[in-house]
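See structure below.
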Number of protein chains: 2
Amino acid sequence: MKLKDQNTEATILEAAKHIFMEKGLYGARMQDIANQAGINKALLHYYFRNKERLFDEVFGGALERYFQNMDIISDETLPIIERVLTYSNRFVHFLAEYPQMSIFLIKEISSNQALFHLKVNGIKKDKKYSLLTLLNEGIRNGELPSLDPVVFLMNLHSMCAYPFVAAPIFQVICQSSGVQWADSNHEKLLNSIHDFIHFKLSKSNL
Amino acid sequence: MKLKDQNTEATILEAAKHIFMEKGLYGARMQDIANQAGINKALLHYYFRNKERLFDEVFGGALERYFQNMDIISDETLPIIERVLTYSNRFVHFLAEYPQMSIFLIKEISSNQALFHLKVNGIKKDKKYSLLTLLNEGIRNGELPSLDPVVFLMNLHSMCAYPFVAAPIFQVICQSSGVQWADSNHEKLLNSIHDFIHFKLSKSNL
DNA sequence: TCATGGTTTAACCAAATGGTTAACAAAGGT
DNA sequence: ACCTTTGTTAACCATTTGGTTAAACCATGA
């Protein structure tokens, strides 16, 4: 009975992640979280003062992990195009590992932008390691062709993230056209994204 | 006082759209909707039996409009690539007109997939006018290069829809890199999407 | 052993919320 | 004028839900 002890808090957080990701802030019930964690509801309030704080923890954690994943961490001596390819790989694999993450963030961000801005300001974002900075640098020094870095970033992120966000919609589209749908074949997706990166960032394509 | 009469129902629906799109099914309060419509809460139940039915109306309507927009309606004598370009134009302009639409659908679909499948089955989807069918046809008869139509469709939809879905995230990314962010410049986006379509669907690119 | 302090629970509470009721108002047909 | 139907409201109700409380539990050190 007392085996849990210190990990009770972790158990609760795990359960809260699960429920909040599925139901969202408003849809989630404290009782559901308690059930999921296998504990009494009052214990939630013992570890986390109230629903808002518990949610903050989950939301903030997810945001942080999400934005961490957007740093360019690859070897600085590599050509920019290689680093962007690596970036897209990391992004897709990250999303494949946490398929609900994007949906959760988008849901909650859209329904509480104030909290989002508050939380995101608390996360240190290093300009030095951002994709936009890298692109701008490459364009300035001629390593990349001249293109709009914001549009490119949007295209890239879109192609990486939206398949996870809109998976149920894509399933239905495929079904209704009688096309087979392989849920987990992210390699094909990545190949196409790599093609796109080469297309946009290779100078030979001009 | 009695001026409204027949349009009360429409007023309620309009208010419900507004509130549900902003807050989602769980976050929306019947009282909020009544306030937004400027009427008594009981009147909601007079026109729509309960919250679920009112939501169904909004959700179903949104779904229908969304999927209607996915029909290929352009002139059949045009080259396929032209028709796909037109398709992307329509899609982006549609989303630009209803920027919350995608987020709303994704939110609610992800938190109630059963309802989604139920509703979507009630919408007649004509294989004949689907993008996938068109692509398959073009590939079969050699008008298009050989490519995976599902991946292409995912890429295309992603680039069109995700900028609206993740607008707040993109804003933050741009801000934190000190890049100016023009919210409404969809023409740049469309240009890039058109480039992509040409890149993928032109045989000359092989 | 037993006192102590952190941990856990059952029972409870107040507020919020979806939904109902009964009465009233307006309009239209007779 | 009067009855019926439709539209509208204030007040009310039952349930759900986030949150609290007081008591119990249990490991541990004096």
Side-chain angles (χ1 to χ4, degrees), chain A residues 1-62 104 107-108 111-112 114-115 118-119, chain B residues 1-61 104 107-108 111-112 114-115 119:
Chain A
M1 206 58 78
K2 217 45 186 317
L3 298 176
K4 290 177 181 177
D5 256 354
Q6 309 95 322
N7 26 13
T8 303
E9 187 167 338
T11 308
I12 292 176
L13 251 183
E14 216 46 48
K17 267 185 216 167
H18 189 240
I19 300 293
F20 278 133
M21 293 242 178
E22 190 183 324
K23 302 276 190 177
L25 170 58
Y26 294 118
R29 298 289 105 109
M30 293 297 269
Q31 188 61 59
D32 295 343
I33 297 173
N35 292 147
Q36 175 76 25
I39 54 149
N40 185 287
K41 183 166 65 98
L43 208 50
L44 296 181
H45 295 87
Y46 177 76
Y47 282 97
F48 304 85
R49 196 171 308 287
N50 52 35
K51 190 183 185 183
E52 200 192 339
R53 290 225 193 163
L54 182 51
F55 177 77
D56 267 23
E57 208 71 26
V58 173
F59 182 62
F104 171 68
K107 254 200 265 200
E108 302 306 330
S111 76
N112 193 347
L115 177 64
L118 198 80
K119 284 278 168 192
Chain B
M1 206 56 81
K2 213 56 185 310
L3 298 177
K4 290 176 180 176
D5 257 355
Q6 309 92 323
N7 27 12
T8 303
E9 186 167 340
T11 308
I12 292 176
L13 250 182
E14 217 46 48
K17 267 186 216 167
H18 190 241
I19 300 295
F20 277 133
M21 293 242 178
E22 191 183 324
K23 302 276 190 178
L25 169 58
Y26 294 118
R29 297 290 106 107
M30 292 299 267
Q31 189 60 57
D32 295 343
I33 296 173
N35 291 148
Q36 174 77 22
I39 54 148
N40 186 286
K41 184 166 64 99
L43 208 50
L44 295 181
H45 294 86
Y46 178 74
Y47 282 97
F48 305 86
R49 195 171 308 287
N50 53 35
K51 190 182 185 184
E52 198 191 342
R53 290 226 194 163
L54 181 52
F55 177 78
D56 267 23
E57 207 72 27
V58 173
F59 183 62
F104 171 68
K107 253 199 264 200
E108 302 306 329
S111 76
N112 192 346
L115 177 64
K119 286 275 168 194

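So you know, we letter chains A, B, ... as the sequences are listed, proteins then strands, and number each from 1.
Atom CD1 of B:Ile33 is separated from atom CG of B:Leu44 by 6.5 Å, given to the nearest 0.5 angstrom. In this structure, the separation between CZ on B:Arg29 and CD1 on B:Ile19 is 11.0 Å, given to the nearest 0.5 Å. Atom CD of A:Glu22 and atom OG of B:Ser111 lie 9.0 Å apart (nearest 0.5 Å). Atom OH of residue A:Tyr26 and atom CD of residue A:Glu108 lie 8.5 Å apart, to the nearest 0.5 angstrom.
Listed by chain and residue number, B:Phe55 satisfy the ring-ring contact (aromatic ring centres under 6.0 Å, His included) test with B:Phe20 (two or more places apart in sequence, or in another chain). In this structure, the side-chain contact (heavy atoms from CB on, under 4.5 Å) partners of A:Ala62, at least two apart in sequence or on a different chain, are A:Met21, A:Met101, A:Phe104, A:Leu105. Taking A:His45 as the reference, nothing meets the side-chain hydrogen bond (donor to acceptor under 3.5 Å, both in side chains) condition, with sequence neighbours excluded.
In this model, the phosphate group of D:dG7 is not approached by any side-chain N or O of B:Thr8 to a distance below 4.0 Å at OP1 or OP2.
Atom CG of A:Leu44 and atom P of D:dT20 are 12 Å apart (whole Å). Per the geometry, CD belonging to A:Glu52 stands 8 Å off P belonging to D:dG19, to the nearest Å. With rounding to whole Å, B:Asn35 atom CG is found 12 Å from C:dT17 atom P. Distance B:His45 NE2 to D:dA10 C1': 15 Å, rounded to the nearest Å. Rounding to whole angstrom units, CZ of residue A:Phe48 and C1' of D:dG18 are separated by 16 Å. In this structure, the CG atom of A:Leu54 is 15 Å from the C1' atom of D:dT17, given to the nearest Å. If you measure from atom NZ of B:Lys41 to atom C1' of D:dT9, you get 12 Å, rounded to the nearest angstrom. Regarding B:Tyr47, its OH atom lies at a distance of 8 Å from the C1' atom of D:dT6, rounded to whole Å.
Nearest to the side chain of A:Asn40, among D:dG19, D:dT9, C:dA10, sits C:dA10. Taking only side-chain atoms of A:Leu43, from C-beta outward, the nucleotide of D:dT9, D:dG7, C:dT9 with the closest atom is C:dT9. Counting only heavy atoms from C-beta on, B:Tyr46 has its side chain closest to D:dT8 among D:dG19, C:dT21, D:dT8.
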Where do N or O atoms of nucleotides 13-15 of chain C meet protein N or O atoms at under 3.5 Å, pair by pair?
none

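The side-chain hydrogen bond (donor to acceptor under 3.5 Å, both in side chains) contacts involving residues 48-60 of chain B comprise nothing, where partners must be two or more places apart or lie in separate chains.
Looking at heavy atoms from C-beta onward, B:Ile39 lies in side-chain contact with B:Ile12 at the 4.5 angstrom threshold.
No hydrogens or angles were tested; on distance alone, nothing pairs the side chain of B:Lys51 with the base of C:dG19 as donor and acceptor under 3.5 Å.
If you check residues 21-33 of chain A against DNA chain C, you find no residue with a heavy atom closer than 4.0 Å.
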